[in-house]
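Atoms within each ligand, like the ligands themselves, are counted from 1 in listed order.
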Amino acid sequence: MGKLIILDHPLIQHKLTYIRDENTGTKQFRELVNEVSMLMGFEITRNLPLKEIEVNTPVTNCRAQVLTGKKIGLIPILRAGLGMVDGMLQLLPAARVGHIGLYRDPETFMPVEYYIKLPSDISERLLIVLDPMLATGGSANDAIESLKKRGAKSIKLMCLVAAPEGVKVIQENHPDVDIYICSLDESLNEKGYIVPGLGDAGDRLFGTK
Ligand code: URA
């Protein structure tokens with residue numbers, strides 16, 4: 001089974017509280033999601049492999065470490081996943097970004113894929129799927145399915161808030177995918193919203209209703 005990693009760093013938790021707050025406006029919401037994404041990126045990249053190289057400092061030469069191994073692809077699920085891209089790119093400026101467009105059918109809650117554009121070499125990359133809300137798990141599950149169908153071999157899922165239902169779906173269907181979240185919330189309500197959650201992440205990021 002894939003690991004569920006809850007990022008309990010105090011800065012992340014503090015910022016998440018204000019992301020949840022209904023009185024937080026669009027500008028601040030966007031900034032906070034950006035900041036939390038960067039802090040999460042710090043944790044999600046913790047085990048990236050390193051290799052030693054020779055480097056000349058102004059004082060002497062030494063051996064020092066640089067990243068090696070798979071390059072990274074960021075895969076935001078449209079549209080709310082877009083809010084997590086910039087924070088991640090601040091840490092990983094050379095990452096490629098692929099997009100998957102999915103929406104939840106309001107009647108069935110099932111995901112419908114309407115757009116997909118990916119880097120050509122996804123099979124050689126570590127892909128980090130970005131979606132602030134892991135609710136039913138439908139969208140993330142479908143996105144991961146699409147990526148695997150197109151050759152992806154190494155995938156992590158990064159969400160701000162998750163419901164137990166969504167975690168279960170990903171862990172059952174994609175045991176090779178580790179899930180990184182800031183909070184495991186209580187439940188889903190009858191409209192498919194995470195409780196207590198933060199409302200509609202896309203609407204809050206983009207100021208729509
Ligand atoms: N998507 C959201 O934006 N919010 C939820 O609570 C669930 C799904």
Side-chain angles (χ1 to χ4, degrees), residues 2 4-7 12-13 15-41 74-88 97 99-116 128-147 155-174 177 179-209:
L4 175 67
I5 298 113
I6 301 176
L7 302 175
I12 291 179
Q13 293 304 315
K15 289 173 192 292
L16 178 63
T17 299
Y18 291 99
I19 288 174
R20 289 188 192 277
D21 188 338
E22 64 175 356
N23 294 314
T24 297
T26 303
K27 175 177 181 287
Q28 199 192 357
F29 187 91
R30 220 177 260 155
E31 288 167 357
L32 286 165
V33 170
N34 194 48
E35 289 164 15
V36 167
S37 302
M38 191 173 70
L39 293 168
M40 292 184 81
L74 304 175
I75 315 290
I77 300 179
L78 302 178
R79 79 191 148 131
L82 291 175
M84 301 173 81
V85 173
D86 285 352
M88 290 293 282
V97 183
H99 295 85
I100 298 187
L102 295 163
Y103 65 88
R104 280 184 309 155
D105 184 302
E107 305 280 292
T108 63
F109 300 147
M110 291 304 289
V112 182
E113 185 178 300
Y114 63 89
Y115 183 79
I116 185 153
I128 304 178
V129 175
L130 306 173
D131 191 359
M133 310 304 280
L134 182 59
T136 60
S139 304
N141 185 64
D142 200 57
I144 292 167
E145 204 76 58
S146 282
L147 293 171
I155 302 174
K156 292 178 191 282
L157 174 62
M158 179 172 141
C159 309
L160 296 184
V161 176
E165 293 88 332
V167 170
K168 187 161 176 274
V169 164
I170 301 300
Q171 287 186 327
E172 281 179 5
N173 294 342
H174 302 289
V177 174
I179 307 169
Y180 292 75
I181 60 175
C182 306
S183 173
L184 182 61
D185 278 13
E186 282 157 29
S187 57
L188 288 179
N189 70 14
E190 65 293 347
K191 291 188 177 151
Y193 281 95
I194 297 178
V195 181
L198 51 82
D200 187 304
D203 280 346
R204 295 198 62 194
L205 272 168
F206 298 107
T208 51
K209 215 21 196 237

What closest approach, in Å, do G202 and T208 show between heavy atoms, and which atom pair accounts for it? O-OG1, 4.1 Å
Exercise: do R30 and T24 side chains pair donor with acceptor under 3.5 Å: no
Side chain, backbone, both or neither: which applies to A135 and ligand 1 if a contact is any heavy-atom pair less than 4.0 Å apart? side chain
Would you mind running through ligand 1 and noting each atom that sits below 4.0 Å from a heavy atom of I194? 5 (C), 6 (O), 7 (C)
Quick note on ligand 1: atoms under 4.0 Å from a heavy atom of A201 include exactly 2 (C), 3 (O)
Which atoms of ligand 1 are found less than 4.0 Å from any heavy atom of G199? 2 (C), 3 (O), 4 (N), 5 (C), 6 (O)
Keeping the roles fixed (side chain from N34, backbone from G87), state whether a donor-acceptor pair exists under 3.5 Å. yes
Would G192 count as being in polar contact with ligand 1, using the rule that some N or O on each side must be under 3.5 angstrom apart? no
Need the ligand 1 atom indices (1-based, order shown) with element for anything under 4.0 Å from a heavy-atom of Y193. 4 (N), 5 (C), 6 (O), 7 (C)
Exercise: identify the closest heavy-atom pair between I12 and C182: CG2-SG, 3.4 Å
Quick one: do I144 and V177 satisfy side-chain contact (heavy atoms from CB on, under 4.5 Å)? Show the steps, please. CA-CA 9 Å; I144 292 167; V177 174; 4.1 Å; yes
Can you tell me if N173 and N141 form a side-chain donor-acceptor pair at under 3.5 Å? yes
M133 N/O to ligand 1 N/O under 3.5 Å: no
